[in-house]
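In what follows, a single structure is set out as structure tokens and then discussed.
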There are 2 protein chains.
Amino acid sequence: MNTLAEENYLKAIYKLASLTENVSTNQIAASLETKASSVTDMLRKLSDKTLINYTRYQGVSLTEAGEKVAINIIRKHRLWEYFLVEKLNFKWDEVHDMAEEMEHISSNELIDRLDEFMGFPKRDPHGDPIPDCNGQFKTNDLKPISALAVSAGGIISGVRDHTSVFLQYLEKQGLIIGKKIMIKEVISYDNTVVLQMDNKTLQISREVANNLLIAI
Amino acid sequence: MNTLAEENYLKAIYKLASLTENVSTNQIAASLETKASSVTDMLRKLSDKTLINYTRYQGVSLTEAGEKVAINIIRKHRLWEYFLVEKLNFKWDEVHDMAEEMEHISSNELIDRLDEFMGFPKRDPHGDPIPDCNGQFKTNDLKPISALAVSAGGIISGVRDHTSVFLQYLEKQGLIIGKKIMIKEVISYDNTVVLQMDNKTLQISREVANNLLIAI
DNA sequence: TCATTTTTTTAGACGAGTCTAAAAATAATA
DNA sequence: TATTATTTTTAGACTCGTCTAAAAAAATGA
Ligand SMILES: [Mn+2]
Ligand SMILES: [Mn+2]
Ligand SMILES: [Mn+2]
Ligand SMILES: [Mn+2]
């Protein structure tokens, strides 16, 4: 059907499209750690397969067919992550790279049965919604902690950064999904956020606050 | 580490080596449904990586390193097949092609945890032994039914042909792993084998008898 | 043994996916 | 608006894995 490289491009475009309507060549290159010239080549190929809308210098968007493929890859990624954590007892910071490979296992029958085997989970270990077999899922209506005002609060429900080093830091601080937090203060000097959790006070940097998502 | 193509070549060489000591270029080409010239190219590459012993026109054998890689791929293949049948309720004739993809998932930690999750199974759905995490496994001491004399018998314990069409045929005839059979007669005209199973008599062709393995 | 057949290797090409360097188009700014 | 800076595309090359066609080596057998 589609090659591994094509699938990775479609997924990257899908994720970038949630931020900006039309995705640029350079954005894709940065996201896939490749060169703009390589991206241009691939865009022509994906365009020929009518998986993206592409006109030179104009940026790209996914077609309906392309979006369907992208969502299916994300579905696989998140279900495998869930499997690795819930069934094989990996930690949430260990599963992303493995899922990056497993999301390309082609069989849909397999992934549907995996979904059923695990009881149709709704969220992956990082709080991201898992699309169902028709590609439907609730969009995450989450805000970064950095967007909250003082005395506002909520429940930790997702992360923007899936790297092992970030997730391990959160774990160490006890900042895991499901925890309730409240903003006590934002230090104006460097935007450090002081927050309350479990009757404890702790400080997180602006950068961490940007990458930690709260359900309000 | 090794590419997908390299892994498939190593696995093919390993399987062919169980039949003949030194494996020929043409044998590999046939087994992988590719051309002899492609095989020669890959052999040079695998030789450079010291995964095979290769001298021109002489055929190949795996080095210790190459054999280790091959056994690990087979371990992954069989564990995934077991998973698909035992956990996701696929039938034994449905899992081979999926496992062909899954055997290339790289993480050994993952496969070791999968092994543990399933209780360290010793045989895959087709009766083939599953190597443990050190590559150890009992060699299958099985004979094809066609090698048995009249009035000899045993327990169906493996298959030589993993194609869906063959396995479905066996299933339909009730010739599944664990069943006890006994040879009643071999018809000399075409070597059709008449056998007894569950107080029933049934006939199988020479070809089927060649591909159905018995523990004696 | 020597000619013929078979097997294996080499030579040269191709597509996929990538790269660097340079050109073209677009955006920013003086 | 004209010039400069940035972004994007093109041109040409490379690796990987494959192919066909042809040459070389090995096996067969008259
Ligand atoms: Mn992930
Ligand atoms: Mn995730
Ligand atoms: Mn198999
Ligand atoms: Mn098997």
Side-chain angles (χ1 to χ4, degrees), chain A residues 1-17 19-62 66 69-70 73 100-101 103-104 106, chain B residues 1-17 19-62 66 69-70 73 100-101 103-104 106:
Chain A
M1 195 61 205
N2 301 304
T3 68
L4 190 141
E6 286 167 352
E7 289 192 347
N8 284 334
Y9 274 87
L10 291 172
K11 188 175 63 151
I13 294 166
Y14 179 85
K15 295 208 164 178
L16 292 167
L19 309 170
T20 48
E21 200 54 52
N22 255 35
V23 179
S24 78
T25 300
N26 266 1
Q27 280 179 296
I28 299 168
S31 150
L32 292 174
E33 295 181 273
T34 184
K35 303 294 163 171
S37 55
S38 308
V39 174
T40 301
D41 287 346
M42 181 58 89
L43 294 184
R44 228 186 27 258
K45 196 153 55 134
L46 293 173
S47 184
D48 289 348
K49 296 179 85 170
T50 64
L51 293 166
I52 59 172
N53 306 114
Y54 172 57
T55 38
R56 268 153 63 262
Y57 295 102
Q58 237 50 60
V60 293
S61 61
L62 294 176
V69 173
I73 298 161
E100 228 28 51
E101 282 185 68
E103 72 192 7
H104 302 287
S106 59
Chain B
M1 194 62 204
N2 301 304
T3 67
L4 190 142
E6 286 167 352
E7 290 193 345
N8 284 333
Y9 274 87
L10 291 172
K11 188 176 62 151
I13 294 166
Y14 179 84
K15 296 209 163 179
L16 291 168
L19 309 170
T20 47
E21 201 53 52
N22 255 35
V23 178
S24 77
T25 300
N26 267 1
Q27 279 179 296
I28 299 168
S31 150
L32 292 174
E33 294 181 274
T34 184
K35 303 294 162 169
S37 55
S38 307
V39 174
T40 301
D41 288 346
M42 182 58 88
L43 294 185
R44 228 187 27 257
K45 196 154 55 137
L46 292 174
S47 184
D48 289 348
K49 295 178 85 168
T50 64
L51 293 165
I52 59 171
N53 306 114
Y54 171 57
T55 38
R56 266 151 66 263
Y57 295 102
Q58 239 49 61
V60 293
S61 61
L62 294 176
V69 173
I73 297 161
E100 258 338 85
E101 282 184 67
E103 70 191 8
H104 302 290
S106 58

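Order of the sequence lines fixes the chain letters, A, B, ..., with proteins taken first and strands second; residue numbering starts at 1 for each chain. All values below come from the heavy atoms of this structure, side chains included, with hydrogens, waters and symmetry mates left out.
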What is the distance, rounded to the nearest whole Å, between atom [atom1] of [X] and atom [atom2] of [N]?
X       : N      : atom1 : atom2 : value
B:Leu43 : C:dT8  : CG    : C1'   : 10 Å
A:Leu32 : C:dC19 : CG    : P     : 10 Å
A:Asp41 : C:dC19 : CG    : P     : 10 Å
B:Leu46 : D:dC16 : CG    : P     : 12 Å
B:Asn8  : D:dC16 : CG    : C1'   : 14 Å
A:Glu33 : C:dC19 : CD    : P     : 11 Å

- prompt: When you measure from every atom of DNA chain C, which of residues 49-59 of chain B have a heavy atom less than 4.0 Å away?
  reply: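 DNA chain C contact set from residues 49-59 of chain B: B:Tyr54, B:Arg56, B:Tyr57.
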
query: Could you state the interatomic distance from CD1 (A:Ile52) to CG (A:Leu46), rounded to the nearest 0.5 Å?
result: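 Rounded to the nearest 0.5 Å, the CD1-CG separation comes to 5.0 Å.
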
field: Interatomic distance, A:Asp41 atom CG to A:Lys35 atom NZ [nearest 0.5 angstrom]
entry: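 Interatomic distance, A:Asp41 CG to A:Lys35 NZ, rounded to 0.5 Å: 14.5 Å.
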
[X] and [Y]: which non-hydrogen atoms are nearest, and at how many Å?
X        : Y        : result
A:His104 : B:Glu101 : O-OE1, 3.7 Å
B:Met1   : B:Lys49  : O-NZ, 3.3 Å
B:Met42  : B:Ala5   : CE-CB, 3.7 Å
A:Ala70  : A:Tyr14  : CB-CB, 3.6 Å

Stepwise side chain to side chain contact (heavy atoms under 4.5 Å, CB included) test for A:Asn8 and A:Ile73: CA-CA 9 Å; A:Asn8 284 334; A:Ile73 298 161; 5.8 Å; no

message: Is the phosphate of C:dC19 approached by A:Ser38 (side-chain N or O, under 4.0 Å from OP1 or OP2)?
response: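 The answer is yes; a side-chain N or O of A:Ser38 sits under 4.0 Å from OP1 or OP2.
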
Measure from the side chain of [X], starting at C-beta and using heavy atoms only, and say which of [options] lies closest.
X       : options                : value
A:Thr40 : D:dA21, D:dT9, D:dT18  : D:dT9
B:Thr34 : C:dT18, D:dA11, D:dT18 : D:dT18
B:Met42 : D:dT18, C:dT18, C:dA11 : D:dT18

In a table with atom names and distances, give each donor-acceptor pair under 3.5 Å that connects a side chain of residues 19-32 of chain B to protein atoms at least two apart or in another chain.
residue: B:Thr20; atom: OG1; partner: B:Gln27; partner atom: NE2; Å: 3.4
residue: B:Asn22; atom: ND2; partner: B:Gln58; partner atom: O; Å: 2.9
residue: B:Ser24; atom: OG; partner: B:Gln27; partner atom: N; Å: 3.1
residue: B:Ser24; atom: OG; partner: B:Gln27; partner atom: OE1; Å: 3.4
residue: B:Gln27; atom: OE1; partner: B:Ser24; partner atom: N; Å: 2.9

task: Go through the steps to decide whether B:Val60 and B:Leu16 satisfy the test side chain to side chain contact (heavy atoms under 4.5 Å, CB included), and finish with yes or no.
output: CA-CA 10 Å; B:Val60 293; B:Leu16 291 168; over 6 Å; no

query: Between B:Val39 and A:Glu6, who's closer to the 5' end of DNA chain C by nearest nucleotide?
result: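 Looking at the nearest nucleotide for each, B:Val39 comes out on the 5' side.
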
message: Heavy atoms within less than 4.0 Å of DNA chain D: which residues of residues 21-28 of chain B have one? Give them sorted by number.
response: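 Output list: empty, so none.
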
- prompt: Looking across every strand, which nucleic acid part, if any, lies under 4.0 Å from A:Ala36 by heavy atom: base, sugar-phosphate, or nothing?
  reply: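 Contact class for A:Ala36: base.
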
